[in-house]
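These notes are about the structure you will find just below.
Just so it is clear, the values below take in all heavy atoms, side chains as well, and ignore hydrogens, waters and symmetry mates.
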Amino acid sequence: MWINGVKQEHVPALDRSFQYGDGCFTTIQTQFGELRHWELHVERMQACLNTLGIATPQWRNIKYQLMDIALDDPIAGVKLLISRGSGGRGYASPHNAHSLIMSNHFSYPQHYPQWQTDGIKLGISRIKLGHNPLLAGHKHNNRLEQVLVKNDLDAQQVDDGLVLDINEHIVETSSANIFWRKGSTLYTPILDKAGVAGIIRRLIIQDAEPLGFKALLGRFDLVDLHDADEVFVSNALLGVAPVVQVGERRYPIGELTLKLQKRV
């Protein structure tokens with residue numbers, strides 16, 4: 001782990017990310033040490049920092065730090081986490097906080113290539129996401145709901161799982177955004193009350209029209225998935241992977257999924 005560009009093994013006990021989840025993070029795919037979609041990661045993280053009222057970091061310096069630590073593998077990843085830093089009494093933020101920039105590198109998950117080729121089987125999480133419009137869409141550091149979701153899915157022994165909100169609307173999976181196609185319409189949940197708006201999700205929505213499809217964002221129930229022609233998930237590290245099963249219902253690997261795998 002590196003903190004502000006220096007390799008270390010410990011985080012300060014009074015760090016506000018450790019204490020309260022006060023910060024944000026992103027996971028970036030690397031290819032031969034190069035950062036993929038860097039500008040989109042910066043834009044998303046800056047939006048979260050603005051919401052939290054955390055000072056803008058020196059993005060150029062952070063980019064060089066990440067490139068210095070990135071593995072030279074054909075494909076791997078780095079994680080970037082920004083904390084407000086230490087200080088303040090209770091929840092109150094300090095006026096002169098110095099942000100901590102934490103990063104680390106990691107090898108590409110061994111199961112991802114198989115997911116991309118053969119598809120993913122999704123369970124359905126029994127944990128429902130609450131509504132938090134202020135922070136919805138942001139990848140902030142308080143991920144307790146996702147921890148509970150992942151524990152539930154591990155107990156079900158499934159690859160991943162579809163996650164609903166407290167109104168039974170589809171939101172995402174435990175670690176990815178969800179899409180499905182019916183005819184020429186591509187559906188994905190709106191994320192104004194819960195969920196994380198991934199950068200690959202953004203690219204897919206943008207690419208829909210050039211590929212001849214209409215992207216429709218809305219509030220959808222499980223029944224809306226039943227007659228889908230294809231289903232797939234996306235995140236910055238995985239890219240796009242087909243979903244071949246949700247619960248007991250099976251789906252084919254579709255043409256749009258294969259096209260998007262090559263584009264994003």
Side-chain angles (χ1 to χ4, degrees), residues 1-38 40-73 75-112 127 132 135 138-154 174-176 196 198-199 235-238:
M1 176 177 65
W2 285 259
I3 298 179
N4 294 337
V6 179
K7 193 168 186 178
Q8 300 186 37
E9 296 182 357
H10 304 286
V11 174
L14 296 181
D15 176 73
R16 293 181 62 85
S17 179
F18 172 71
Q19 294 274 343
Y20 308 115
D22 191 1
C24 61
F25 73 101
T26 194
T27 305
I28 305 170
Q29 186 189 109
T30 61
Q31 294 184 357
F32 297 102
E34 296 293 326
L35 309 175
R36 293 206 70 211
H37 305 304
W38 169 247
L40 296 179
H41 283 285
V42 169
E43 185 176 331
R44 184 178 66 167
M45 288 196 75
Q46 186 62 59
C48 187
L49 292 174
N50 291 345
T51 297
L52 298 176
I54 295 176
T56 298
Q58 296 293 325
W59 288 114
R60 185 176 182 181
N61 293 343
I62 292 175
K63 180 180 181 180
Y64 292 146
Q65 290 172 11
L66 294 178
M67 292 177 66
D68 283 343
I69 72 169
L71 299 174
D72 291 328
D73 297 358
I75 186 168
V78 293
K79 181 177 180 178
L80 170 65
L81 184 150
I82 298 179
S83 164
R84 191 185 302 272
S86 300
R89 180 174 176 80
Y91 293 136
S93 299
H95 297 297
N96 58 347
H98 298 285
S99 298
L100 286 188
I101 313 298
M102 291 173 266
S103 57
N104 67 286
H105 60 224
F106 54 90
S107 299
Y108 199 66
Q110 294 183 352
H111 58 283
Y112 271 15
I127 304 297
N132 188 346
L135 297 177
H138 294 304
K139 203 167 186 179
H140 54 82
N141 290 347
N142 191 326
R143 311 313 305 174
L144 287 177
E145 286 185 319
Q146 285 68 36
V147 170
L148 295 175
V149 165
K150 187 59 177 172
N151 288 345
D152 176 58
L153 296 173
D154 285 347
S174 73
S175 59
V196 173
I199 65 161
N235 69 36
L237 193 61
L238 175 64

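Counting all heavy atoms, side chain and backbone alike, Trp59 lies closest to Trp38 at O-CZ2, 3.6 Å. When all heavy atoms are compared, the tightest approach of Arg44 to Gly198 is NH1-CA, 3.4 Å. Between Leu100 and Pro12 the shortest heavy-atom distance is CD1-CD, 3.9 Å. The shortest non-hydrogen separation linking Val149 to Ser174 is CG1-CB, 3.8 Å. Listed here is the closest heavy atom pair of Gly77 and Thr30: N-OG1, 3.5 Å.
To the nearest 0.5 angstrom, Leu80 atom CG is 8.5 Å from Ile69 atom CD1. For the atom pair CZ of Arg143 and NZ of Lys150, the computed distance is 14.5 Å after rounding to the nearest 0.5 Å. How far CE of Met1 is from CD of Glu9: 8.0 Å, rounded to the nearest 0.5 Å. If you take CG on Asp72 and CD on Gln31, they are separated by 13.0 Å, rounding to the nearest 0.5 Å. With values rounded to the nearest 0.5 angstrom, Leu135 atom CG is found 11.0 Å from Cys24 atom SG. One finds the CG atom of Asn142 at 10.0 Å from the CG atom of Asp22 (value rounded to the nearest 0.5 Å).
Seen from the ring of Phe25, Lys79 counts as a face-on cation partner, given the 6.0 Å and 45° thresholds.
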Hey, mind stepping through Thr56 and Gln46 against side chain to side chain contact (heavy atoms under 4.5 Å, CB included) and telling me if it holds? CA-CA 7 Å; Thr56 298; Gln46 186 62 59; 3.0 Å; yes

Check step by step if side chain to side chain contact (heavy atoms under 4.5 Å, CB included) holds for His37 and Ile28. CA-CA 8 Å; His37 305 304; Ile28 305 170; over 6 Å; no

Walk me through whether Ser93 and Arg16 qualify under side chain to side chain contact (heavy atoms under 4.5 Å, CB included). CA-CA 9 Å; Ser93 299; Arg16 293 181 62 85; 3.8 Å; yes

Take Glu43 and Ile199 through the side chain to side chain contact (heavy atoms under 4.5 Å, CB included) test and state the conclusion after the steps. CA-CA 9 Å; Glu43 185 176 331; Ile199 65 161; over 6 Å; no

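Side-chain contact check for Asp15 versus Met102: some heavy-atom pair is nearer than 4.5 Å. Side-chain atoms of Ser17 and Val11, non-hydrogen and from C-beta on, never get closer than 4.5 Å to each other. Contact check for Gln65 versus Trp2: no side-chain heavy atoms found under the 4.5 Å cut-off. In this structure, the side chains of Gln58 and Ile62 stay at 4.5 Å or more apart for every pair of heavy atoms. No side-chain heavy atom of Cys48 sits under 4.5 Å from any side-chain heavy atom of Thr26. The shortest distance between side-chain heavy atoms of His98 and Ser86 does not fall below 4.5 Å.
The backbone N or O of Ala13 lies less than 3.5 Å from a partner atom in the side chain of Gln19, making a donor-acceptor pair. Remark: side-chain polar atoms of Asn4 are paired, donor with acceptor, to backbone N or O of Ile101 under 3.5 angstrom. Judged purely by atom type and a 3.5 angstrom limit, Arg84 uses its side chain to pair as donor or acceptor with the backbone of Gly53. The closest donor-acceptor contact from the side chain of His105 to the backbone of Leu71 lies at 3.5 Å or more, if one exists at all. A distance-only check finds no donor-acceptor pair linking the side chain of His138 to the backbone of His140 [under 3.5 Å]. A donor-acceptor contact shorter than 3.5 Å is absent between the side chain of Tyr108 and the backbone of Gln29.
Heavy-atom neighbours of Phe18 CZ from other residues, nucleotides or ligands within 6.0 Å: at or below the threshold of 12. For Phe106, the CZ atom counts as densely surrounded, since its 6.0 Å shell holds more than 12 non-hydrogen atoms of other residues, nucleotides or ligands.
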